[in-house]
Amino acid sequence: MSSESAVSPLWNPFANMASLAGQAITMVRGEGCWVVDDQGRRYLDALASLWYCNVGHGRAELADAAAGQMRKLAAFQAFEYYSNPPADELARRVAELAPVTGAKVFLTPGGGSDAVDTAAKLARGYWRAAGQPAKQVCLGRTHAYHGMNAYGTSLGGIPANTDPFGPLVTGVERVPWDDPAALGKAIEQTGAERVAAFFCEPVIGAGGVYPPPEGYLARVRDICRQHDVLFIADEVITGFGRTGRWMASERFGLDPDLITTAKGLSSGYAPIGAVIAAERVAEPFWRPGSAEVFRHGYTYSAHPTACAVAVANLDLIEREQLVSRVAALEPVLAAALRPLAAHPLVTEVRAGTGLLAAVEIDETARAADPGLGQRLVAAIRERGVITRLLRGVALQVSPPFVITEAEIGQIAEVFTAALDAVGT
C-alpha cells in the first residue's frame, strides 16, 4: 500500500487538510473525563469533547439504552401521523425542564445547527401564521456562534466562519454582543414591523466564553417585548446543566419565546437536538381547528434510538445530581484558573458561570506570533490535556460534569506549564 493510499480519506471539520492528512490523533475509547488514543496515550478532556459530554465518557447505561431501543424499534419516521414512546417521553421531560409555560418540543436529529435552523424557520413561520408576514428579519450578535447550517452561518458573528460563504440567508443582521441600546436601535432602524426574532446565547460559547454583562439579558429581553420581537435563547451549549441550572435561561431569569438545545441533551451519545417553543409561538399551529402547518422536519426527527439515549441521559443527570454538582464546582474551576491571568501571555480569564471558562491569550503576543495559540493548544495536549482555540483568541475549558477537583487542578497546572514553555 502506498503512503498516499494509507492516508485516511476522512475530511475533518474546521481542519487544514493539507497539513492534517496523515497526522490525525485517533481516539479509541474514553472513561469519565479521560480519552485514549490509538497509541495508548491518555488525555484529560477539558472540553467535554465539543461542550457536550456532560456525563463523561464510557457510560454503559447510555449504550444499554441505545441497544435496548434498537432491539425494539431502532428507527421510524415522525412525519405527520407517527410518533414513538421515547420521543413522547423525551418531549414531556424537556417541556417540564424548560422555564417557559405551555412548552412544545420539536426534536431535531443533529447538533445545534439543526435546532437553530429550525428555530429561525419557525420564527418566520410563526409571524406568517400570526398574520404579520412582513416580520422576517432575524438579528444576531458579534462573537456569536449558532452552528454551521445556512441560518446559523448567516446569524453567526465570527467572521472566519461567515466570510468564506457570503450571505447564505437574506434578512439577517448583527449587533454588538454587549450593547442593548444597539439592539434597540437596529430594531427601530429596520422597523419593528419587519423584525422577527433576536438570537442570543445567554453565555457566548465558541466566540470566546463571554458571560452576559450585568443586566444585559434582562434589558435585551425587555427590548424584544417592547418591539414585539421573538427572543430566542440559543442554549445548545448552556442547556441541561452547564451553568449550574437545567437551563441558563432559568439562571438568568429569562422567559424565551424559543430555546434551541442539543449537545447536553444526550451528552453526545446520540445526535439529537430540540427546539422548545413557548405557548405563544406554538398557538397558531396547535389551536383547535387551525389549518397552519410548520412544513419543516428531518428524516431522523424524533429518532427512537436517539430519544431513548437522551431520556437515559436525563435520568442519569438527575440520579447523580450533576446539575447541582456543576454549581458546586463553579467556584472551584474559577479559583483554579484565576491565577493564570497574571501570566505574561494571558490577558484575561473568564470563569464563574458554571463549568465554562476561557483563558484569553495576550493580543500583543498573538500579533507578534500568529501561530502562538495553536502552539499553546499543542503544548497543552502534549502534557496530557485537551483544549482548543476559540475565535483564535482564547483557550476553552468546559469539562464533563463528573470532573473532580483534582482534575480541575491538573488542567490549571498543565495550562501554566504550557504557557511557561511556549513563552520562553
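Remember, predicted model here, so these are calculated numbers, not experimental data.
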Is there a side-chain contact between [X] and [Y] (heavy atoms, below 4.5 Å)?
X    : Y    : result
F231 : V220 : yes
V55  : L62  : yes
L314 : F240 : yes
L230 : R124 : no
V323 : V326 : no
T170 : V172 : no
C307 : L107 : yes

In Å, rounded to the nearest 0.5 Å, how long is the span from [atom1] of [X] to [atom2] of [Y]?
X    : Y    : atom1 : atom2 : answer
E250 : E235 : CD    : CD    : 9.5 Å
F199 : L139 : CZ    : CG    : 10.0 Å
L47  : C33  : CG    : SG    : 11.5 Å
I317 : F401 : CD1   : CZ    : 6.0 Å
I408 : L329 : CD1   : CG    : 4.5 Å
R174 : L183 : CZ    : CG    : 14.5 Å

With no hydrogens and no angle check, is any side-chain donor or acceptor of [X] less than 3.5 Å from a backbone partner on [Y]?
X    : Y    : answer
D37  : Q39  : yes
D64  : A66  : no
W246 : L97  : no
K263 : C53  : no
H227 : V229 : no
R325 : I403 : yes
R350 : G208 : yes
T153 : M148 : yes
D369 : A365 : no
T353 : T243 : no

Quick one: closest heavy-atom pair of [X] and [Y], and the distance?
X    : Y    : result
P370 : A367 : CD-O, 4.0 Å
S249 : P256 : OG-CG, 3.4 Å
V100 : A103 : CG2-CB, 3.7 Å
N12  : M17  : N-SD, 3.5 Å
A65  : A308 : CB-O, 3.9 Å
I237 : A206 : CD1-N, 4.1 Å

Could you tell me if [Y] and [X] have a donor-acceptor pair between their side chains, going purely by distance under 3.5 Å?
X    : Y    : result
E413 : T416 : no
N313 : S266 : no
E279 : W286 : no

*Dump the intermediate steps for salt bridge (Lys or Arg N to Asp or Glu O under 4.0 Å) on R391 and E360, then the final yes or no.*
CA-CA 10 Å; R391 203 168 48 81; E360 180 140 350; 5.4 Å; no
*Do Y52 and S49 pass the side-chain hydrogen bond (donor to acceptor under 3.5 Å, both in side chains) test, and can you show the C-alpha distance, the side-chain angles, and the key distance before you say yes or no?*
CA-CA 6 Å; Y52 62 65; S49 189; 2.8 Å; yes
*Measure from the ring center of H143 to the ring center of Y145 and say whether it is less than 6.0 Å.*
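Ring centroids of H143 and Y145 are no less than 6.0 Å from each other.
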_Can you confirm if the aromatic rings of F106 and F294 lie within a centre distance of less than 6.0 Å?_
yes
_Go through it in stages, so that I can follow the logic: the residues are S83 and D88, the test is side-chain hydrogen bond (donor to acceptor under 3.5 Å, both in side chains), and I'd like the CA-CA distance, side-chain angles, deciding distance and then a yes or no._
CA-CA 7 Å; S83 182; D88 290 333; 2.7 Å; yes
Around atom [atom1] of [X], are there more than 12 heavy atoms of other residues, nucleotides or ligands at under 6.0 Å?
X    : atom1 : value
Q226 : CD    : yes
R29  : CZ    : no
E320 : CD    : yes

*Could you go step by step and tell me if R251 and E330 meet the salt bridge (Lys or Arg N to Asp or Glu O under 4.0 Å) rule?*
CA-CA 13 Å; R251 174 169 179 155; E330 175 182 304; 2.7 Å; yes
_Can you confirm if the NZ or CZ of R141 lies within 45° of the ring axis of W177 and under 6.0 Å from the centre of its six-membered ring?_
no
*Do we get R381 above Y43's six-membered ring, with its NZ or CZ under 6.0 Å from the centre and within 45° of the axis?*
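No, R381 does not sit over the ring of Y43.
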_From CA spacing to verdict: salt bridge (Lys or Arg N to Asp or Glu O under 4.0 Å), E61, R319_ = CA-CA 12 Å; E61 51 266 72; R319 184 168 64 251; 3.5 Å; yes
*Apply side-chain hydrogen bond (donor to acceptor under 3.5 Å, both in side chains) to the pair H146 and D117, showing each step before the final yes or no.*
CA-CA 9 Å; H146 297 294; D117 267 40; over 6 Å; no
*asked:* side-chain hydrogen bond (donor to acceptor under 3.5 Å, both in side chains), that's the test. Do Y216 and R221 meet it? Break it down for me.
replied: CA-CA 9 Å; Y216 173 84; R221 184 66 180 100; over 6 Å; no
*Please walk me through it: do V346 and D362 pass side-chain contact (heavy atoms from CB on, under 4.5 Å)?*
CA-CA 5 Å; V346 175; D362 179 72; over 6 Å; no
*Take L316 and L322 through the test side-chain contact (heavy atoms from CB on, under 4.5 Å) and record every step on the way to the result.*
CA-CA 8 Å; L316 195 160; L322 294 182; 4.1 Å; yes
_Let's go through R93 and E96 carefully: what are the C-alpha distance in whole Å and the side-chain angles of both, what is the deciding distance for salt bridge (Lys or Arg N to Asp or Glu O under 4.0 Å) to 0.1 Å, and is it a yes or a no?_
CA-CA 5 Å; R93 294 281 291 278; E96 290 173 350; 5.2 Å; no
